Structure formats: structure tokens, C-alpha cells
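In this text the structure is predicted, and so the values were computed from the model without any measurement.
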Amino acid sequence: MRPRHALVAAAILTAVTVGSWAALVADDRKPAPQAAEPKPAPVTPPPAAPTTTKPHVPEAPRPRPCLDGQAGLPRRPGKVSKIAGDFDGDHARDQLLAYAELDAAGQPRQWHVRVVLATGVIADLALDDTPEWIGPNGLVARRAVDANGDGRDEGFVTSTGGASNDTYNIFVLDGCQLRQVAVAGGGPLRFAVGASLGHAEGFTCQDTDRHGRRLLALWGVERAQDHPDGRSTYTWTRHSYRWATSTLVRQVGTTSGTFDAAPDDPLPAELIDRCGGGDW
């Protein structure tokens, strides 16, 4: 080989050798670290909707139940009378009793009115025993009528009696207590019921005022003048009371008038008892 050609071959061999070595060195290097993939941003849940807290409203107190009373009558009861009715409005059969506690001599020592409900609950009321309103015949339970239209019966009890009329009193069960109906601002309501040739007394509990509220009307008739034909002129007065509560009534008006009638003629319609029907 010629010297010039030998030099060229040596140069080519040197270049190839250097390039191969550089490639080997480059392959031995660790790869350049790749850029880390970006982590996704943490997902923050949306704020929970605010809970609506209702204000605490205390429950209304429940009515206290009536306590069971003494199941039996006193050891020495006497002059017991009773009527049936619905005195608490539950459509069950209750009883109202009028009776006396007797003394050692067998005479009334204390008068009572008592309601015994169908549930067994008892309400008892000891009464004023003054002779001005409790006569020798004592108390007598007479009728049970819903006089004030509240769905509960009132008890009608007589306290005195005469030849032609009786004095009536009204008792109501108010909650757990037995009460005597009274005129607002006054004393117990007492009225006469009966008739004779010269007078008559009665009441009605079916009338209402212009607002539809039930009224209790007490009326009285007196003979004022006799006529030759046998007829007579009568005057009448009617006092109307409005029920204010289950235990009180309030007078709201008075009306009066006259009419002529023979002894056997019926009373005017507005003066005929209309409270539970039947005779009082």
C-alpha cells in the first residue's frame, strides 16, 4: 500500500473507533430523569348545605287526668237519689247522685252531689246546708240535660219543694271538679218550676242569641185580672241568661207581656218548657 493511502485508512479507522467508543459511553449513562407528571389537584367537595334547625317548641302540657275518687258512699249515707246522663261528653252512661251523710240520729248532717263517670272517676261536692235553700225534703236529683249546648249534660237537682213548685239548681262537671252553676257576679242560680191556678214558672234552654249562643230563659206567669166570661188576663216576664262558661251564666235581657186565657187553655208557646222534653 502506498503511504498516502495508508494514512487515509488509518484516519478512517481512528474516526470509527472514536465514534463507537462515544456511543458506548453515551449508552452507559443513566437516562435523563423524566419530568414528573403533574398530580391532579385534590378535589374539594362542595360545602354541605346548611342544615335548617327548627327552633325547639315545647309541647303543650297534656291535661292532667282526673284522680279516681272514693269508690263508695260514706259509711252512713241517706236520702240517695240518682239520674243517668253524659256529664263528660264521651257518650258513655254516667250517674249523678244527691245524698246526705247522716248523723248518729239518722238525720242529714252534710249534703253532697256526686258524679260517677263510666270510667270510674268520681267528682264529689259537699254543699252548704243552710235551710234557706235545702228544705226538709233535702236534695233530689231530677234530670240530666245538655242545657248549654256543649255536648255534656248538666244535672238538675231540686233543693226545696212546695205545693205547686220546686226550686231547681244546676250542677256541671268542669274538668275534674263538680260545680254549681251561678250567675256571674252573684250567687248560685236557683229557679222555680211548677204551676197552680194563679201562677206558673218554668224555663227553656233551646233559645239562642243573635250570635247563635245558647241561652237559658227563666219565665214566670201571674194572674192579674179575672173576667166575667171565665177568662183571665195574665202577665208574664222572661229573663234570659247567656252561658259564659260551663259554670257561669250572665243575664242579657228581660221581656214581658200579657195574654188572656181560660183556666184550661195552654200557656203561650214561648212559655212552654223546652229543655230536654217531658214534664218538669
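- Follow the hydrophobic side-chain contacts under 4.5 Å out from Leu215 and you never reach Phe203; the two are in separate clusters.
- Put simply, the residue from Leu248, Val252, Val181, Val249 that forms a side chain to side chain contact (heavy atoms under 4.5 Å, CB included) with Tyr241 is Val249.
- Annotation: ring-ring contact (aromatic ring centres under 6.0 Å, His included) contacts involving residues 162-189, sequence neighbours excluded, comprise Tyr168-Trp280.
- Among residues at least two apart or in separate chains, salt bridge (charged side-chain N to carboxylate O under 4.0 Å, His left out) pairs with a member in residues 169-180 are Asp174-Arg179.
- Among pairs with a residue in residues 76-120, none fulfils disulfide (SG to SG under 2.5 Å), at least two apart in sequence or across chains.
- For His91, the NE2 atom counts as loosely surrounded, since its 6.0 Å shell holds 12 or fewer non-hydrogen atoms of other residues, nucleotides or ligands.
- Rounded to the nearest 0.5 Å, atoms CG (Asn148) and CG (Leu216) are 9.5 Å apart.
- Here Asp209 pairs with Arg213 under the side-chain hydrogen bond (donor to acceptor under 3.5 Å, both in side chains) rule; sequence neighbours left out.
- Under the side-chain hydrogen bond (donor to acceptor under 3.5 Å, both in side chains) criterion, Thr208 pairs with no residue, sequence neighbours left out.
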In residues 186-196, what donor-acceptor pairs under 3.5 Å come from side-chain atoms, sequence neighbours left out?
from: Arg190; atom 1: NE; to: Asn169; atom 2: OD1; distance (Å): 3.2
from: Ser196; atom 1: OG; to: Gly198; atom 2: N; distance (Å): 3.4
from: Ser196; atom 1: OG; to: His199; atom 2: NE2; distance (Å): 3.2

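- Distance CG/Asp166 to OG1/Thr160: 7.0 Å, rounded to 0.5 Å.
- Summarising the geometry of Leu267 relative to Ala200, their closest heavy-atom pair is CD1-CB, 4.3 Å, with the distance given to 0.1 Å.
- No chain of hydrophobic side-chain contacts below 4.5 Å, direct or via other Ile, Leu, Val, Met, Phe, Trp or Tyr residues, connects Ile134 to Leu102.
- Nearest heavy-atom pair across Asp86 and Ala92 is OD1-O, 3.7 Å.
- Note that CG of Leu139 is 11.0 Å distant from NZ of Lys79, once rounded to the nearest 0.5 Å.
- Under the side-chain hydrogen bond (donor to acceptor under 3.5 Å, both in side chains) criterion, Arg152 pairs with Asp150, sequence neighbours left out.
- The two residues Ala144 and Ala84 make their nearest non-hydrogen contact at CB-O, 3.4 Å.
- Taking hydrophobic clusters as Ile, Leu, Val, Met, Phe, Trp and Tyr residues chained together by side-chain heavy-atom distances below 4.5 Å, Tyr99 shares a cluster with Val116.
- The stretch residues 177-238 participates, sequence neighbours left out, in these disulfide (SG to SG under 2.5 Å) pairs: Cys205-Cys275.
- Closest of all the heavy-atom pairs between Ala141 and Ser81 is N-OG, 2.9 Å.
- Judged as a disulfide (SG to SG under 2.5 Å), not a single pair has a partner in residues 115-164 (not counting sequence neighbours).
- Rounding to the nearest 0.5 Å gives a distance of 11.0 Å between CG of Asn165 and OG1 of Thr158.
- Using a 4.5 Å heavy-atom threshold, the side chains of Thr255 and Trp236 count as touching.
- Taken to the nearest 0.5 Å, the CG atom of Leu97 stands 12.0 Å off from the NE2 atom of His112.
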>> The test is side-chain contact (heavy atoms from CB on, under 4.5 Å); show your working for Leu178 and Phe87 and say whether it passes.
In response: CA-CA 10 Å; Leu178 190 60; Phe87 299 102; over 6 Å; no
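- Between Asp226 and Ser232, the shortest heavy-atom contact is OD1-OG, 2.6 Å.
- Looking at residues two or more places apart in sequence or on another chain, you find no side-chain hydrogen bond (donor to acceptor under 3.5 Å, both in side chains) involving Asp153.
- Distance check, rounded to the nearest 0.5 Å: OG1 of Thr233 to CZ of Arg223 gives 11.0 Å.
- Listed here is the closest heavy atom pair of Ala147 and Phe156: CB-CZ, 4.0 Å.
- Under the 4.5 Å side-chain heavy-atom criterion for grouping Ile, Leu, Val, Met, Phe, Trp and Tyr, Leu125 is connected to Leu173 within one hydrophobic cluster.
- Listed by first and then second residue, the salt bridge (charged side-chain N to carboxylate O under 4.0 Å, His left out) pairs involving residues 90-99 amount to none (not counting sequence neighbours).
- The main-chain N or O of Leu127 is found under 3.5 Å from a side-chain atom of Gln110 such that the two form a donor-acceptor pair.
- Residue pairs satisfying the salt bridge (charged side-chain N to carboxylate O under 4.0 Å, His left out) criterion with at least one member in residues 228-249, sequence neighbours excluded, are listed as follows: Asp207-Arg238, Arg231-Asp265.
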